[in-house]
**Student:** 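I'd like to ask you about the structure that follows.
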2 protein chains.
Amino acid sequence: MKLKDPDKIQLIYNATLKLVKESGLAALNMAAIGKEAKLGMGTIYVYFKSKEELINSLFHSLKRLNTQRIYATLTPDAPFKINMKELFDNYIINRIDYFEEHFFVEQCSNSHYLDAESRQLDEEAFHGVFELLDRGKKELLVKDMDNAVLTAHMMGSANEIVALCMKQKIKITKAFLDGAFTLCWDSIIR
Amino acid sequence: MKLKDPDKIQLIYNATLKLVKESGLAALNMAAIGKEAKLGMGTIYVYFKSKEELINSLFHSLKRLNTQRIYATLTPDAPFKINMKELFDNYIINRIDYFEEHFFVEQCSNSHYLDAESRQLDEEAFHGVFELLDRGKKELLVKDMDNAVLTAHMMGSANEIVALCMKQKIKITKAFLDGAFTLCWDSIIR
DNA sequence: TCTTTTACCGAATAATTATTCCATTATCTT
DNA sequence: AAGATAATGGAATAATTATTCGGTAAAAGA
C-alpha cells in the first residue's frame with residue numbers, strides 16, 4: 001500500500017499561510033489551497049477532515065512552535081535587563097521572520113473557525129513574561145503594576161512596531177531594535 | 001411614492017457590527033444581517049448594491065467618525081503633557097466605547113473586501129499625533145526618535161491594553177487610565 | 001512479480017450564501 | 001380618495017465553495 005507523504009501537510013500549511021497573508025482568512029478556500037500547494041482538492045481531504053480541521057490544526061501547530069521559539073534562548077542567570085532585552089529581541093525578530101504565521105494566528109483568533117480548545121492556547125505564552133516581570137519587581141527595577149497590563153503594553157508596542165516595519169519595509173538593524181527596546185524599558189522601570 | 005427610511009442604513013450598520021463582533025467578518029452573511037436588523041434580505045439591497053459595497057460604506061463611515069472623535073476635545077494652548085494625556089485618554093475611551101466599530105475596522109483592514117480607496121484612509125488619522133510629538137521634541141521633552149515609531153509604540157500599547165480590558169471585563173477607572181498613561185509617558189520622554 | 005491497499009486527482013454533488021424577482025404594502029402627489 | 005411610485009419581505013435563483021466519489025496510479029508487503 002501507499003503511505004501518506006509526510007511533506008504534504010507542510011505543503012498544505014504553507015499554501016494556506018500564503019493565501020491568508022495575501023487576501024485574508026475570509027477569502028480562503030479549498031480550491032485555492034489545492035492550486036497553491038499543487039495538489040488535487042481531494043488530496044487535502046486525505047490529510048484533513050474539513051477546512052475547519054485544517055485551520056485549527058495549523059493554528060495549534062503554530063502556537064506550539066511559537067512559544068518554543070521565544071523562550072528558547074534566554075541566558076540563564078543573566079541580569080534582569082539582559083533577559084528582558086533578549087526576550088524583546090526574540091519576540092520582535094520572531095514576529096518578523098514568521099510574519100505570515102503570526103498574521104494567520106491573528107486572523108483566526110477572531111474568526112468562527114477556532115474550536116474551544118484552540119481558544120485556550122493563548123494563556124500559556126505569557127507565563128514566561130510574567131515570571132520575568134516578577135523577578136524585576138523583586139529587584140525593585142519594575143513598576144508595581146499588574147503583570148497583565150505591563151505585558152499588554154510591551155507586546156502591543158512590539159506588535160505595532162513590527163507592523164510598521166512590514167508596511168514600510170524597514171530593515172531591522174541592531175540600532176532599531178535598541179531604540180524600540182529603550183521605549184519599552186523606560187516605560188516599565190520605576 | 002414611498003421614500004427610503006433614513007434609519008434603515010444605521011439599522012443595517014448596527015446589525016453588521018454586532019454580527020462581526022460576535023463571529024468575525026469571515027462568518028458575516030446577508031441573511032444574518034437581515035435577521036439581526038429585522039429586515040428582509042431584499043431591503044438591504046435597496047440601500048446597498050452588494051455585500052462588498054455595504055462593508056466598504058460602513059468602513060468609510062466609521063473611519064470618518066473616528067478621526068473626528070479623537071481630536072475633537074484637545075485643549076488649545078495647554079502644556080504638552082496635558083495635551084498628550086487628553087489625546088491618550090480620548091483614544092482609549094474611544095476604543096472602548098466604540099469597541100465593535102474598531103473591531104470591524106480591524107477585521108476589514110486585512111480582508112479582501114476593501115477597495116483601493118478604503119485602503120488609503122489610515123494615513124490621515126496619525127497627522128494630529130505627529131504634530132503633537134513634533135511640539136514635544138521642540139520643547140525637549142520627547143526622545144529624538146522617528147514619529148512613526150513613537151506613535152506605533154503608544155498606539156500599540158493602547159490597543160493591547162484596551163483588548164485586555166475587554167477580555168477581562170476590567171472597568172476603566174481614572175487610576176487605571178493614569179497608570180496606562182504613565183507607561184507611555186515614561187517611554188517617550190527623554 | 002503480483003496483490004492489495006491507499007494516496008491522488010479533479011469532476012460531480014451538496015451545501016451555503018449572495019443576489020434577484022415579484023407580489024404586497026406604504027406613502028407621497030394631485 | 002385614487003393613482004403612482006418605490007420600499008419591503010422573503011421565496012426563488014444564481015453563484016460560490018466545501019465535500020464526496022470513483023477511477024487511476026503508486027508503493028508496500030507477500
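Numbers restart at 1 for each chain; the letters A, B, ... are given by sequence-line order, proteins then strands. Predicted model, so just to flag it, every value in this text is computed and none were measured.
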**Student:** At under 4.0 Å, does any side-chain N or O of A/Lys8 touch on OP1 or OP2 of C/dC8?
**Tutor:** yes

**Student:** State which of D/dT19, C/dT27, C/dT17 makes the closest approach to the side chain of B/Lys2.
**Tutor:**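 Closest nucleotide among those given: C/dT27.
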
**Student:** Look at B/Lys143 together with A/Asp186 and state whether they make a salt bridge at an N to O cut-off of under 4.0 Å.
**Tutor:** yes

**Student:** Once you round it to whole Å, what is the distance between C1' of D/dT5 and NZ of B/Lys4?
**Tutor:** 13 Å

**Student:** Decide, yes or no, whether a salt bridge links A/Arg135 with A/Glu139 under the criterion of side-chain N to carboxylate O below 4.0 Å.
**Tutor:** yes

**Student:** Would you say B/Lys51 reaches C/dA18's phosphate, i.e. side-chain N/O to OP1/OP2 under 4.0 Å?
**Tutor:** yes

**Student:** Give the rounded distance in Å between these two atoms: CD1 of A/Ile33 and C1' of C/dG10.
**Tutor:**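 Distance check: A/Ile33 CD1 to C/dG10 C1' gives 16 Å.
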
**Student:** Checking all strands, does B/Tyr47 fall into the base, sugar-phosphate, or nothing category for heavy-atom contacts under 4.0 angstrom?
**Tutor:** sugar-phosphate

**Student:** Give a yes or no on whether a salt bridge exists between A/Arg95 and A/Glu106, defined as a side-chain N under 4.0 angstrom from a carboxylate O.
**Tutor:** yes

**Student:** Could you state the atom-to-atom distance from OH of B/Tyr45 to C1' of D/dA12 in whole Å?
**Tutor:** 14 Å

**Student:** Using whole Å, what does the distance between atom P of nucleotide C/dA26 and atom CG of B/Asp7 come to?
**Tutor:** 18 Å

**Student:** Using whole Å, what does the distance between atom C1' of nucleotide C/dT17 and atom CG of A/Asn29 come to?
**Tutor:**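 Taking CG of A/Asn29 and C1' of C/dT17, I get 14 Å after rounding.
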
**Student:** Report which part of the nucleic acid A/Leu28 touches: base, sugar-phosphate, or nothing (heavy-atom distance under 4.0 Å, all strands).
**Tutor:**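 Counting heavy atoms under 4.0 Å across all strands, the contact made by A/Leu28 is with sugar-phosphate only.
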
**Student:** For B/His112, does the NE2 atom sit with more than 12 other heavy atoms under 6.0 Å from it, leaving out its own atoms?
**Tutor:**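 Counting other residues, nucleotides and ligands, NE2 of B/His112 exceeds 12 neighbours.
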
**Student:** Quick check on C/dC9: is either OP1 or OP2 less than 4.0 Å from any side-chain nitrogen or oxygen of A/Thr43?
**Tutor:** yes

**Student:** Given atom CE of A/Met30 and atom P of C/dC9, what is their separation to the nearest angstrom?
**Tutor:** 14 Å

**Student:** Among D/dG9, D/dT19, C/dC9, which nucleotide sits nearest the side chain of A/Leu39?
**Tutor:** C/dC9

**Student:** Over how many whole Å does the gap from A/Leu25 atom CG to D/dT17 atom C1' extend?
**Tutor:** 14 Å

**Student:** More 5' along DNA chain C: A/Met41 or B/Leu3, using each one's nearest nucleotide?
**Tutor:**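 Its nearest nucleotide lies further toward 5', so the answer is A/Met41.
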
**Student:** What distance do B/Ile93 atom CD1 and B/Ile172 atom CD1 have between them, rounded to the nearest 0.5 Å?
**Tutor:** 8.0 Å

**Student:** Rounding to an integer number of Å, can you tell me how far B/Asp5 CG sits from C/dC28 P?
**Tutor:** 11 Å

